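Indexing begins at 1, ligand by ligand and atom by atom, following the structure's order. In this text, all values refer to a predicted model and were calculated from it rather than measured experimentally.
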Amino acid sequence: MPLLNELYQEIIIDHSTSPRNEGNLDLATHSTEVHNVTCGDELAVSLFVSDDLIRDIKFRAQGCSISKASGSMMTEKVKGISVSEAIEFSKKLQKMLNNSETHLLDEETIGDLVALLGVKRFPMRVKCATLPWHALERALQSPIPCLKV
Ligand code: FES
């Protein structure tokens with residue numbers, strides 16, 4: 001188990017120090033900003049969705065390494081899948097992180113995000129890990145109105 005924990009730590013460190021898809025999308029169709037009420041940290045997500053597919057996604061996190069790593073892995077996970085698949089995955093992952101259900105996602109489906117499950121031992125950090133997923137779901141419910149000129 002120690003080797004596995006080291007591997008999970010390495011995944012989190014890698015994503016928090018070199019976050020993938022960091023920034024803002026200029027041509028976003030959906031976006032939102034959320035904050036963690038316990039620490040005040042903020043996280044913004046912007047997406048480009050067309051034909052019900054998440055074509056592109058970026059995030060910006062002003063927060064801890066867990067929220068940054070979770071946001072980075074989230075962008076890799078949902079880019080290219082449908083909105084409903086992304087929401088379903090998000091809900092299952094959050095249930096697993098909140099400990100209410102443990103085997104909602106199999107090993108292949110959860111992928112590197114399995115590294116986040118270690119935070120279940122630290123209830124205060126669960127919100128850090130779920131923050132990007134909360135933002136994702138909220139953004140997908142917040143389409144940006146089209147400007148017609
Ligand atoms: Fe603020 Fe983790 S401590 S998001």
### Message
Give the atom numbers and elements of ligand 1 that come within less than 4.0 Å of a heavy atom of Cys64.
### Response
2 (Fe), 3 (S), 4 (S)

### Metal check, atom 2 (Fe) of ligand 1 vs Cys39 N/O/S, cut-off below 2.8 Å
no

### Task
Quickly, which of Glu137, His134, Glu85, Lys77 forms a side chain to side chain donor-acceptor pair (under 3.5 Å) with Ser90? Name it, please.
Glu137

### Query
Roughly how far apart are Met96 CE and Ile110 CD1, rounded to 0.5 Å?
4.0 Å

### Message
Check for me whether Ile66 has a heavy atom closer than 4.0 Å to any atom of ligand 1.
### Response
no

### Identity and distance of the protein heavy atom lying nearest atom 3 (S) of ligand 1
Asp41 OD2, 3.5 Å

### Message
With a sphere of 6.0 Å drawn around CG of Asp26, does it hold more than 12 non-hydrogen atoms of other residues, nucleotides or ligands?
### Response
no

### Query
Are there more than 12 heavy atoms of other residues, nucleotides or ligands under 6.0 Å from atom NZ of Lys79?
yes

